[in-house]
2 protein chains.
Amino acid sequence: MKEGPDIAQVAALIGDPARANMLTALMSGKALTVSELAEEAGVTIQTASSHLSKLDSGGLLRPRKQGRHKYFALAGEDVAQVLEGLMGLAAGSGHLRTRTGPKDAKLRQARVCYNHLAGDMGIQMFDSLIARTHLSFEGEDLRLTDSGAAFAYDLGIDVGALQSARTPLCRECLDWSERRSHLAGSLGRAFLSRFEELSWAKTDRKTRIVTFSRSGAEAFHQLFPVN
Amino acid sequence: MKEGPDIAQVAALIGDPARANMLTALMSGKALTVSELAEEAGVTIQTASSHLSKLDSGGLLRPRKQGRHKYFALAGEDVAQVLEGLMGLAAGSGHLRTRTGPKDAKLRQARVCYNHLAGDMGIQMFDSLIARTHLSFEGEDLRLTDSGAAFAYDLGIDVGALQSARTPLCRECLDWSERRSHLAGSLGRAFLSRFEELSWAKTDRKTRIVTFSRSGAEAFHQLFPVN
DNA sequence: AGCATACTTCGATCGCCCTCGAACCAATCT
DNA sequence: AGATTGGTTCGAGGGCGATCGAAGTATGCT
């Protein structure tokens with residue numbers, strides 16, 4: 001009767017509104033404390049604590065104690081990816097809650113997905129990198145080519161340091177707003193943080209919106225041309 | 001508070017054990033009737049009906065009336081992909097229910113994922129097609145090259161007919177057992193059904209296991225060499 | 001027409017789990 | 001040490017939804 005792993009438990013974990021809110025909040029990639037997540041979900045701290053321990057024992061979160069604070073983050077990119085997939089289903093088929101407010105438009109243009117850039121601009125970056133063969137597919141894996149490494153180095157990214165980490169360097173992740181892929185992995189993370197360092201963009205961790213300055217956007221479009 | 005689509009509803013839909021069982025049953029790609037799904041989930045027909053109508057209005061299923069039967073199938077590949085993702089999470093992090101029975105081993109080797117071949121052999125096929133550039137990545141999309149079209153034609157697949165359909169020809173889908181991608185889309189479907197036509201393999205729709213005959217496996221490995 | 005089958009709808013029951021108040025640990029600050 | 005803040009545990013309450021029996025609708029068979 002039950003072939004394959006037990007979907008229901010994990011899905012039920014995500015299926016509670018309070019927990020879902022916490023998880024989407026954590027899609028910002030930032031680690032949040034219990035009280036922050038409680039606030040985010042609109043519940044008291046006790047219930048939040050209960051929920052978080054469940055999510056943790058379900059393997060969806062990675063907790064980290066720091067003094068008298070306890071920070072929670074998503075367990076990994078795979079979790080983030082599933083959440084994005086669910087958002088896609090909810091957006092497409094579900095109740096079509098096309099929250100077409102201004103906030104939504106900005107979200108679709110540029111937002112942070114776990115720790116990297118998503119939305120229109122994320123896709124543009126990805127496509128541009130592929131088109132200029134700075135990235136290439138090797139089998140089903142994504143690989144940074146030599147020209148790509150040079151490109152990243154020019155931007156001020158220490159590729160060597162990234163490669164040593166155990167998280168994959170490049171990974172594709174697909175959007176819920178667009179139906180296309182953007183760049184995830186430690187390189188994706190590095191790009192976004194570099195944009196922030198150069199003050200091309202600023203990400204509001206609360207709304208997940210990434211806002212580019214006028215000059216930042218200009219530089220971005222020049223660096224990642226559409227064709 | 002709620003940015004992005006409403007994850008919780010969809011996840012809660014999948015989160016019920018009965019519904020999850022139905023959905024995993026539908027991962028076989030076959031359309032099933034209400035009574036079959038009730039049996040599969042271990043509930044009465046009434047409750048099954050209730051569940052199915054919820055799944056339907058949630059956009060996860062595509063119903064089709066045929067006489068006095070009502071067949072349900074997954075709404076699309078995207079749904080199947082999310083389900084596979086959830087299986088991955090449940091298998092990896094969760095309770096590690098490594099059901100290492102013989103059934104499980106066969107599932108990992110070759111199984112049907114919605115309508116195409118998954119598991120070890122699915123991945124082998126995908127890798128082989130990529131390595132010989134019968135498939136190539138174009139941006140983030142998968143494209144069938146000319147040599148690939150010829151290859152498929154030689155196997156007796158009418159690529160032209162597939163291309164006219166509105167479902168994408170090639171698409172990658174990732175496994176829960178391996179962490180890699182295999183070929184989905186109408187071409188993936190065509191390959192599997194061709195294997196069955198040639199009686200290389202036979203898929204048990206109940207267990208989702210694809211069993212290759214001795215000669216079929218031989219032909220498969222010759223056609224899709226590892227290197 | 002009459003019966004059987006496939007499914008849906010209604011109503012009632014029941015159990016799970018979400019929620020919060022209150023008390024209880026733990027760590028930092030003065 | 002006492003106070004304050006962050007988090008966990010316990011217990012009780014309460015609501016939502018899963019479940020099934022029974023009646024209702026539709027389709028097909030003879």
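Only heavy atoms go into these numbers, but all of them, side chains included; no hydrogens, no water, no symmetry mates. Each chain gets a letter, A, B and so on, in the order the sequences are listed, and its residues count up from 1.
Atom CG in B/L52 sits about 16 Å away from atom P in C/dA6, given to the nearest Å. The distance from atom CG of A/D56 to atom P of D/dT9 is 11 Å, rounded to the nearest whole Å. One atom, OH of B/Y71, and another, P of C/dT5, lie 16 Å apart when rounded to the nearest Å. The interatomic distance linking A/L37 (CG) with D/dT8 (C1') rounds to 15 Å, in whole Å. As a whole-Å value, the separation of A/K65 NZ from C/dA27 C1' is 9 Å. One atom, CG of A/N21, and another, P of C/dC18, lie 14 Å apart when rounded to the nearest Å. The distance from atom NZ of B/K70 to atom C1' of C/dT9 is 13 Å, rounded to the nearest whole Å. A straight line from CG of B/L55 to C1' of D/dA18 spans 13 Å, rounded to a whole angstrom.
For B/S50, counting side-chain heavy atoms from C-beta on, the closest listed nucleotide (D/dT19, C/dC18, D/dT9) is D/dT19. Relative to the side chain of A/S49, the nucleotides C/dA6, D/dT8, D/dG7 differ in distance, and D/dT8 lies closest. Of all nucleotides listed (D/dT8, C/dC7, C/dT19), C/dT19 comes nearest to the side chain of A/D16. Of all nucleotides listed (D/dG6, C/dC20, D/dT19), C/dC20 comes nearest to the side chain of A/V43. The A/T44 side chain lies nearest to C/dC20 when the options are D/dC20, C/dC20, D/dG7.
The distance from atom CG of B/L52 to atom CE of B/M22, rounded to the nearest 0.5 Å, is 4.5 Å. Atoms CD and CG, from B/E40 and B/L23 in turn, are 11.5 Å apart once rounded to the nearest 0.5 Å.
Taking the six-membered ring where tryptophan is involved, the planes of B/F195 and B/F220 are perpendicular, since the angle between them exceeds 60° and thus also 30°. Relative ring orientation between B/F191 and B/F224 is described as perpendicular, the plane-to-plane angle rising above 60° on a 0-90° scale split at 30° and 60°.
Residue whose closest nucleotide on DNA chain D sits further toward the 5' end, between A/S53 and A/H69: A/H69. Take the nearest nucleotide of DNA chain C for A/R68 and for A/A12: the residue whose nucleotide is more 5' is A/A12. The 5' end of DNA chain C is approached more closely, in terms of each residue's nearest nucleotide, by B/I45 than by the other of B/I45 and A/R19.
Taking 4.0 angstrom as the limit, B/T47 places a side-chain polar atom (N or O) nearer than this to OP1 or OP2 of D/dC20. Distances shorter than 4.0 Å separate some side-chain N or O of A/H51 from OP1 or OP2 on C/dT19.
Residue-level contact check: B/K54 touches the backbone only, with heavy atoms under 4.0 Å from sugar-phosphate atoms and none from bases. Within the nucleic acid shown, B/T33 comes within 4.0 Å of sugar-phosphate atoms alone, with no base atom in reach, counting heavy atoms only. At a threshold of 4.0 angstrom between heavy atoms, the contacts of A/A48 with the nucleic acid are absent.
Taking a cutoff of 4.0 Å between a charged side-chain nitrogen and a carboxylate oxygen, B/E84 and B/R111 qualify as a salt bridge.
For B/Q46 against D/dG21, a side-chain-to-base donor-acceptor contact under 3.5 Å is present.
Across A/P17 and B/A8, no two heavy atoms sit closer than the pair CA-CB, 3.8 Å.
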